[in-house]
Amino acid sequence: MASFPQPFVMAYAFVVGAVVGSFLNVVIYRVPRRRSLVSPGSACPACGSPIHWYDNIPLVSWLVLRGRCRHCDTRISIRYPMVELAAALLAVFGVGRYGLSMAGFEAVVFSWASLALGLIDLEHQILPDVITYPCIGFGLACSWFGGITTFPNALAGAAAGAALPTLVIVIYRLWRGVEGMGWGDVKYLAAIGAVVGLRHCLWVLMIAATLGAAIGLLLIATGRGSRRTALPFGTFLALAVILWLYLPASWVASLP
């Protein structure tokens with residue numbers, strides 16, 4: 001890190017993150033619909049006109065076009081630049097939190113994957129295997145090469161991450177006759193455990209459960225939901241693990 005000025009490193013991280021965010025928009029839209037990420041090229045969903053490269057520059061193009069398609073003037077969702085901005089900020093914060101290290105690389109890449117998974121689950125109530133399974137392998141591989149946690153801890157975290165929600169599913173099915181969680185949550189929590197380790201995986205699960213309970217109670221209190229309303233737990237897991245990954249090291253160290 002000493003070879004480059006800090007502002008240059010942060011600016012570079014921001015640009016790379018924004019570019020990745022543009023790709024994440026493709027992942028979020030196409031993966032749940034089982035469409036190729038490569039072909040066909042990007043096009044306006046309203047009029048079908050191809051989106052040229054100069055209209056696909058992260059953050060910039062949306063602002064220049066004032067959030068509308070160049071051809072049909074249909075409004076372009078603000079979600080697209082927000083995902084690009086979020087991915088850019090995650091890269092910047094990751095470099096600031098971990099430096100240019102394997103742990104930083106692991107945190108940023110996994111937070112990008114979590115951003116995609118959280119939004120997919122929010123819209124479609126699924127956590128695609130094509131993302132969750134590679135994330136498990138990614139976490140284990142990074143731990144072997146000096147990532148956020150050690151390899152034995154990553155293995156223990158992945159095992160516990162898979163076992164805990166599986167236990168919830170089995171018990172809830174016996175008690176209520178339905179599944180209280182989806183199997184996608186099992187795979188995603190295993191990936192979280194592989195990245196952060198056993199103890200931190202339990203903290204992430206507790207934070208996600210607290211967020212989910214708070215939102216559920218809010219929906220009930222406002223009349224917009226009931227006790228049977230299905231909530232996208234993967235979205236809460238994504239938010240919880242991103243928050244956890246970027247907490248100050250001193251805060252994490254002070255927790256039991």
Side-chain angles (χ1 to χ4, degrees), residues 21 24-25 27-29 31-33 75 77-83 85-87 89-90 93 110-129 131-132 135 157-158 160-193 195-196 198-248 251-252 254-256:
L24 290 180
N25 277 319
V27 171
I28 293 165
Y29 182 81
V31 166
R33 295 169 173 84
R75 186 173 296 279
S77 173
I78 196 174
R79 189 196 76 185
Y80 293 100
M82 293 304 294
V83 169
L85 178 61
L89 292 177
L90 288 173
F93 294 154
F110 191 71
S111 67
W112 285 337
S114 294
L115 176 61
L117 285 168
L119 291 175
I120 289 173
D121 198 38
L122 182 63
E123 183 177 358
H124 300 277
Q125 284 75 55
I126 59 171
L127 293 167
D129 291 348
I131 302 178
T132 54
C135 281
L164 289 174
T166 299
L167 185 63
V168 170
I169 290 173
V170 172
I171 293 175
Y172 202 81
R173 181 186 290 169
L174 293 174
W175 176 38
R176 299 292 296 272
V178 296
E179 293 184 356
M181 296 176 69
W183 289 104
D185 297 319
V186 174
K187 301 158 194 172
Y188 184 33
L189 196 54
I192 291 173
V195 170
V196 302
L198 175 59
R199 181 171 66 92
H200 293 182
C201 179
L202 299 178
W203 273 105
V204 169
L205 179 59
M206 185 173 67
I207 294 171
T210 302
L211 290 172
I215 295 298
L217 290 173
L218 180 62
L219 291 175
I220 293 173
T222 57
R224 300 177 64 182
S226 68
R227 294 178 61 183
R228 294 185 177 274
T229 300
L231 296 177
F233 191 60
T235 302
F236 301 120
L237 283 174
L239 180 58
V241 74
I242 289 173
L243 289 172
W244 186 263
L245 286 171
Y246 293 100
L247 282 176
W251 292 15
V252 175
S254 67
L255 294 169

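These numbers come from the heavy atoms of this one structure, side chains and all, not from hydrogens, waters or symmetry mates.
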Pairing residues for Tyr80 by the side chain to side chain contact (heavy atoms under 4.5 Å, CB included) criterion, not counting sequence neighbours
Asn25, Tyr29, Ile76, Ser77
My understanding is that only residues two or more places apart in sequence, or in another chain, count here; which of them pass side-chain hydrogen bond (donor to acceptor under 3.5 Å, both in side chains) with Ser114?
Tyr188
Heavy-atom nearest pair, Trp183 first then Thr166, reads CZ3-OG1, 3.8 Å
Close side-chain approach of Leu127 and Leu237, heavy atoms under 4.5 Å
no
Note: Leu24 and Ala87 closest approach over all heavy atoms is CD1-CB, 4.3 Å
Kindly write out the residues that satisfy salt bridge (charged side-chain N to carboxylate O under 4.0 Å, His left out) with Arg224, not counting sequence neighbours, or none if the list is empty.
none
Answer whether the closest heavy-atom distance between the side chains of Leu189 and Ile192 falls below 4.5 Å.
yes
Is atom CZ of Arg33 surrounded by more than 12 heavy atoms (other residues, nucleotides or ligands) closer than 6.0 Å?
yes
According to side chain to side chain contact (heavy atoms under 4.5 Å, CB included), who are the partners of Ala86, at least two apart in sequence or on a separate chain?
Leu115
Could you tell me how the ring of Trp244 sits relative to the ring of Trp203: parallel (under 30°), tilted (30 to 60°) or perpendicular (over 60°)?
parallel
Taking only residues two or more places apart in sequence or in another chain, which ones pass side chain to side chain contact (heavy atoms under 4.5 Å, CB included) with Leu85?
Phe14, Leu59, Leu89
Holding to side chain to side chain contact (heavy atoms under 4.5 Å, CB included), I want the full list of residues that pass it with Ile215, two or more places apart in sequence or in another chain.
Leu219, Phe236
Tell me the closest heavy-atom pair linking Gly161 and Cys201, and the distance in Å.
CA-SG, 4.0 Å
What is the distance from atom CD1 of Ile120 to atom OG1 of Thr235, rounded to the nearest 0.5 Å?
10.0 Å
Flag side-chain contact, heavy atom, 4.5 Å: Leu117 against Pro128
yes
Which one of Leu205, Leu211, Val204 satisfies the side chain to side chain contact (heavy atoms under 4.5 Å, CB included) criterion with Ile207?
Leu211
Residue pair Ser111 / Tyr246: nearest heavy atoms and the distance that separates them:
OG-OH, 3.0 Å
Heavy-atom closest contact (Gly118 atom, Ala238 atom, distance):
CA-CB, 3.8 Å
Locate the shortest heavy-atom distance separating Leu231 from Gly212; write the atom from each residue and the value.
CD1-O, 3.5 Å
